[in-house]
Amino acid sequence: FYAVEKFAANVLKTKNIINTAGFDPGHIWKRFADAQGIDGSINFNIRDISKAKTILLNSADIAVSHPVLWVEILKSIKNGAHLITAGPVDSFLDRYSTLRLKTKAGAETLLYHFLCRVLLDKEKEKIWESSENFNSVFNALKNLDLSRVENLTGISEKDLLKAGELLQEREPSFIFLGGEIVYSEEINCLFAGCWNLALISRSRMIPLPLLSNQRGVEIVSGLPLDDRPDQKKFFQSVSSGEIEALYLNGPVILPDKIDIPVLIVQDSHWTDFAVKADAVLPAVTFAETDGTFVNMEGRIQYFQGSIPPLGESKPDWWIVKEIASRLKNNDLKYKKTADITFELSRSIKAFQKVNYLELQNGKDFFIHEKENEDIKSNYVLIFPSKKRELPKGKNLFRLLLIPASDNYKNFLLGREIPGFKRIKDPEWIMIKPEEAEKAGFSDEDNVILRTDTGHFKGKLKYSNYIPENVIVSYY
């Protein structure tokens, strides 16, 4: 990834670079933490999870999205830990939970502020009173009426108090935020509630990445997010003919109809855009090369190819290096992946202590997170705005997006293997049967889903796990 970003900036001389940085909970959290002057570090050691006494999972079906983390949580449960699951959609994990907090869609933010209120009511020593904003936050929390919690969030006052007891009395505890939070209407407010709750309960708050190596993508991105093109305008310009040339590296969601004079696709799997491309550059998969990535812990991991590359496919870094060479540019003079890691350790502070040979031999390396002596564990005073109601009209629903975990880049099992579609079809738009029938639809109906930013086609799928006034789709 680093080599491709460097190729775009130094060889193609463009700032029009769009990647997945900025879409991930961890990156959004970091920006929020920097703006508030609080500690945004999210490195952790997965081995510590099995020692936890209480774990709160928000909108995270980690048995599917983060199975290695789920194994450690299972170990903690077997050791007597309590699991609290929160969110509007039921999941496999609920059967292991001590307490299930099934919220109304969009009410997770309020839930965390109510939990803060409960814990502060219980706390006698007030050991956080010296923290900045404590009095302001405490006074604002006192205005939350616990008798209204069920009406506002769907959670009974009894369950809320039980959750407060579990978080307060059993340490160490962790709060994990699933990838779906990036679509929250009030994500800054949600972060504030979770951060305050973590301070009060002495918990670690950790936003989980949406994709593997997502933390690495954010660190090595050459341009700050604010200097990159606006994604919404980019997607609009793809269809309008404003873009003269587009270089696609890996999976990108674009409109069906694109108007681009020159299209180059560099990918490991054949796609609809490869059919339309002026040039296709076949890239290897991770199983056919070696390199490094940054996992959810912040741990830098070495991987080694286990199978030979298919056909004429080459590693991504090799492809862009060869193009640069033919353009008489020597900025990418790499001979092996170790050369890239060595350059990373010299040019990017997060990788400053990494030694490739020691990494290959199994030594643990974590990315270096920003150190700032001025950062304090202060409370954040951001509270939910007035509750937003769905506009009145026919067939209007709140949309929840969940990751399609059966994919690698542009390859989807549900699209490529017919039998797998019976388990998970990427075109499914899931809805409660009663909601569909009330709207005049039936199971398996083809529908068009329209939002403020665009539309897509799908197939309705009945599910009793979906809340009222909500539809769920994969991304």
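Position 1 is the first residue of the sequence; numbering continues from there.
Residues satisfying the ring pair (Phe, Tyr, Trp, His ring centres under 6.0 Å) criterion with F366, sequence neighbours excluded, are absent altogether. Scored by the salt bridge (charged side-chain N to carboxylate O under 4.0 Å, His left out) test, R100 finds D90, D94 as partners (sequence neighbours excluded). Among residues two or more places apart in sequence or in another chain, the side chain to side chain donor-acceptor pair (under 3.5 Å) test is passed with D339 by K336. Qualifying salt bridge (charged side-chain N to carboxylate O under 4.0 Å, His left out) partners for D145, counting only residues two or more places apart in sequence or in other chains: none. Under the salt bridge (charged side-chain N to carboxylate O under 4.0 Å, His left out) criterion, K314 pairs with no residue at all, not counting sequence neighbours. With sequence neighbours left out, the side chain to side chain contact (heavy atoms under 4.5 Å, CB included) criterion links S306 to A287. The salt bridge (charged side-chain N to carboxylate O under 4.0 Å, His left out) check on K51 picks up D48, with sequence neighbours excluded. Annotation: side chain to side chain donor-acceptor pair (under 3.5 Å) contacts of T337 (sequence neighbours excluded): D290, Y356. With sequence neighbours left out, E150 forms a side chain to side chain donor-acceptor pair (under 3.5 Å) with no residue at all. For the side chain to side chain donor-acceptor pair (under 3.5 Å) test, residues two or more places apart in sequence or in another chain that qualify with N295 are E297, Q301.
D39 and S41 share a donor-acceptor pair across their side chains, judged by distance under 3.5 Å alone.
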Donor-acceptor list for residues 68-76 side chains, cut-off 3.5 Å, not counting sequence neighbours:
| unit_1 | atom_1 | unit_2 | atom_2 | d |
| --- | --- | --- | --- | --- |
| E72 | OE2 | K75 | NZ | 3.1 |
| S76 | OG | I73 | O | 2.6 |

| task | Start with the C-alpha distance between K432 and F397, add both sets of side-chain angles, then the distance that settles side chain to side chain contact (heavy atoms under 4.5 Å, CB included), and finish with yes or no. | result | CA-CA 11 Å; K432 202 174 188 69; F397 299 90; over 6 Å; no
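Judged by distance alone, with hydrogens and angles left aside, the side-chain atoms of S442 form no donor-acceptor pair with the main-chain N or O of D445 at under 3.5 Å. At least one donor-acceptor pair closer than 3.5 Å links the side chain of R215 to the backbone N or O of M296.
E358 and K353 are not joined by a salt bridge, as no carboxylate oxygen comes within less than 4.0 angstrom of a charged side-chain nitrogen. Using a cutoff of 4.0 Å between basic side-chain nitrogens and carboxylate oxygens, K30 and E218 are not scored as salt-bridged.
Counting only residues at least two apart or in different chains, ring-ring contact (aromatic ring centres under 6.0 Å, His included) contacts with residues 32-59 comprise W29-F32, F32-F191.
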